Amino acid sequence: MKRAMARHWTRRDFLKCATAALAAPHIIPAGALGLDGRPAPSERVTLGFLGLGGHGIGRNLNGFLKEPESQPVALCDVMTSHIENAVRVVRKKFGESYTCMTTRDWREVIARPDVDAVVISTPDHWHVFMSVAAIRAGKDVLCEKPTFNIAEGRLLADTVKRYGAVFQTATEDRSLTVYHRMAELVRNQRIGKLRRILVKLPQKPDAPGDPTPVPV
């Protein structure tokens, strides 16, 4: 049927259609051309946010909303109240008509072709799993505390190298002034000579094998 309806187009036919299209009025939003003070869409990095708790919104989402080159397009958290808070924050910035994809399933975010990169602010044990999956899906990643142990760190580093992804570690303790000051005091023995350092990781409160119900 399609072949029977096919038509051979001459150069004259093409020029007629092109002229008619150019003559029709077109309204292009200023934002599409970068005339509203923001970079044009082709110059922005579209972001999906995984985890919208205290850091997810307070530090990461709010931080990227200050950058004109970034644009949130997907918001994800297992708690609907967190998603609702994030939507309010985004609309306060861009207006009530602005829409983002919202989901409780992070896999839906990394599956979207319009997401350039993801920002991961979930509990630590999800970090490498989500980062590796996102990189394999063609996304770049910014992740807090990217490794839970050395083996996971090796897997993540190898995956970044294999796929040529951009991966940024969002470890605030390495950039905050107060921690630089603490390191300076210790290294210069201003608090005396350290003889022993104890490091303790928080323990999971639930017994092994007891899954936590998905919150609402």
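A quick note: this is a predicted structure, and the numbers were derived from the prediction, not measured.
The hydrophobic cluster around Val178 extends to Leu176, Tyr179, Met182, counting ILVMFWY residues whose side-chain heavy atoms fall within less than 4.5 Å of a member. With side-chain heavy atoms closer than 4.5 Å counting as contact, directly or through intermediates, Leu198 stands alone and belongs to no larger hydrophobic cluster.
With sequence neighbours left out, Lys145 forms a side-chain contact (heavy atoms from CB on, under 4.5 Å) with Asp124, His127. When the side chain to side chain donor-acceptor pair (under 3.5 Å) test is applied to Arg181, the partners found at least two apart in sequence or on another chain are Glu184. Remark: Arg88 pairs with no residue by the salt bridge (Lys or Arg N to Asp or Glu O under 4.0 Å) rule, at least two apart or across chains. Listed by chain and number, the residues in a side chain to side chain donor-acceptor pair (under 3.5 Å) with Glu144 are His55, Asn60 (sequence neighbours excluded). Applying the side chain to side chain donor-acceptor pair (under 3.5 Å) test to Asp158 and every residue at least two apart in sequence or in another chain returns Arg154. Not counting sequence neighbours, Ile150 has no partner by the side-chain contact (heavy atoms from CB on, under 4.5 Å) test.
Applying the salt bridge (Lys or Arg N to Asp or Glu O under 4.0 Å) test to pairs two or more places apart or on separate chains, those with a residue in residues 51-64 are Arg59-Glu172. Listed by first and then second residue, the side-chain hydrogen bond (donor to acceptor under 3.5 Å, both in side chains) pairs that reach into residues 107-120 are Thr46-Asp116, Thr103-Glu108, Asp105-Arg107, Arg112-Asp114, sequence neighbours excluded. Listed by first and then second residue, the side-chain hydrogen bond (donor to acceptor under 3.5 Å, both in side chains) pairs that reach into residues 130-142 come to none, sequence neighbours excluded.
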Indicate every side-chain donor-acceptor pair of residues 160-167 with a distance under 3.5 Å to a residue at least two apart or in another chain.
none

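Remark: side-chain polar atoms of Arg44 are not paired, donor with acceptor, to backbone N or O of Glu69 under 3.5 angstrom. Without hydrogens or angle criteria, Arg190 side chain to Leu185 main chain gives no donor-acceptor distance under 3.5 Å.
Taking both residues in full, the closest heavy atoms of Cys100 and Ala74 are given as SG-N, 4.3 Å, listed atom of the first, atom of the second, then distance. For the residue pair Val109 and Met101, the shortest heavy atom distance occurs at N-CE, 4.3 Å. Scanning both residues, Asp77 and Ile83, for their nearest heavy atoms gives O-CD1, 3.4 Å. Closest of all the heavy-atom pairs between Leu65 and Pro72 is CD2-CG, 3.9 Å. Heavy-atom minimum distance, Val115 versus Ala117: CG1-O, 3.3 Å.
With rounding to the nearest 0.5 angstrom, the NE2 atom of His125 is 8.5 Å from the CE atom of Met130.
Checked against the 6.0 Å centroid threshold, Trp106 and Phe129 count as a close aromatic pair.
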